[in-house]
A.B. asks: 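One structure coming up, written as structure tokens, with questions to follow.
In listed order, ligands and their atoms are each counted from 1.
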Amino acid sequence: MQSGYKIMSQKFVIPQRLFFALAITFIAVFGSRTFAKPYSPESLAKLIATAKIEAAKGKSPVVMFDLDDTLTNTRDRTARILHDFANRPTIQSAFADDAKKLATLPFLQVRFLLADTMKLIGIDNGDLVQKANAFWLANFFTNTYCAKDIETTGASVYLNLLAQTGTKIVYLTGRDTPRMGEGTKENLVSNHFPTNPEQVVLMMKPDLSQDDLKFKESQYANVAAMGEVIGAFENEPANINSMANAFPTAAAIFLDTIHSPKPDVPEARVDWVENFVLPSY
Ligand SMILES: [Mg+2]
């Protein structure tokens, strides 16, 4: 009996050690990451169905959309800015090798922080990084560059489907009118997003001084006054959480594209998508 017990005990000890070894490895590899929720493109289709139901009841469904990294792609904007920077004669002559790396930077390698992007492509020249940063800052928030933004995959098709249900579209953005108003309007048209003024409202900050989220929160009452808010889309976790709480019955959908390094994570009830492509049934 005694030896039998020992054998059983040994059998137990080995998997337990293995379990702890695996657990330590797991924490070491994944411990510092935010765990993503599985994507739910079904939430996109569900929102269109909700819009149809609300419209049939005679209500005015309203959906809010952020622009940067929700409907449009700022990584591509940053890549275009860095390409133009790298093609300047002064940069090419002073930093020939690094300028080549920057001139062909694909947008998928663009990180939220410019310093991280530079590191990723092997540029560690502090002087060049500083110059690139200054050029980026002077150009990122401009009509010229935002007018050429590309859409997040499927965004214009999705918004037009939603608009066809009679849903009002609110573009609620942290961009400010003086620097980006004209480029934003031009870009909505060139990307074929809904722009019918009877159905669409563009809400932009009157100047750059206000905090993005505070500005958005200050507009919730105006958005609510337009009808029944049934959905909100954002790429910033703090913003989607704020909207999910302000409009508890609305769908809250997080675009898992790129976002600031703030510690917030989307709340449990928030759905995640990577783009606006509807599920195929
Ligand atoms: Mg955004």
A.B. asks: Using 2.8 Å as a strict upper limit, say whether an N, O or S atom of Asp66 approaches the Mg ion (ligand 1) that closely.
C.D. replies: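 Within the cut-off used here (under 2.8 Å), Asp66 does place an N, O or S atom near the Mg ion (ligand 1).
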
A.B. asks: With a sphere of 6.0 Å drawn around CD of Gln130, does it hold more than 12 non-hydrogen atoms of other residues, nucleotides or ligands?
C.D. replies: no

A.B. asks: For a quick test of reading the model, state the closest non-hydrogen atom pair linking Leu44 to Val277 and the distance between them.
C.D. replies: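 Of all heavy-atom pairs spanning Leu44 and Val277, the closest is CD1-O, 3.7 Å.
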
A.B. asks: From Asn235, does some N, O or S atom reach closer than 2.8 Å to the Mg ion (ligand 1)?
C.D. replies: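 Coordinating: yes.
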
A.B. asks: May I ask you to check if any N/O/S atom from Glu234 comes under 2.8 Å of the Mg ion (ligand 1)?
C.D. replies: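 No, Glu234 does not qualify, because none of its backbone or side-chain N, O or S atoms lies under 2.8 Å.
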
A.B. asks: Please name the atom of Asp68, limited to N, O or S, that comes nearest to the Mg ion (ligand 1).
C.D. replies: O

A.B. asks: Under the criterion side-chain contact (heavy atoms from CB on, under 4.5 Å), which of Ile169, Leu255, Val170 is the partner of Phe65?
C.D. replies: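 Looking at Ile169, Leu255, Val170, the match for Phe65 under the side-chain contact (heavy atoms from CB on, under 4.5 Å) is Ile169.
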
A.B. asks: From the options His259, Lys262, Glu217, Glu234, select the one residue that forms a side chain to side chain donor-acceptor pair (under 3.5 Å) with Asn239.
C.D. replies: Glu234

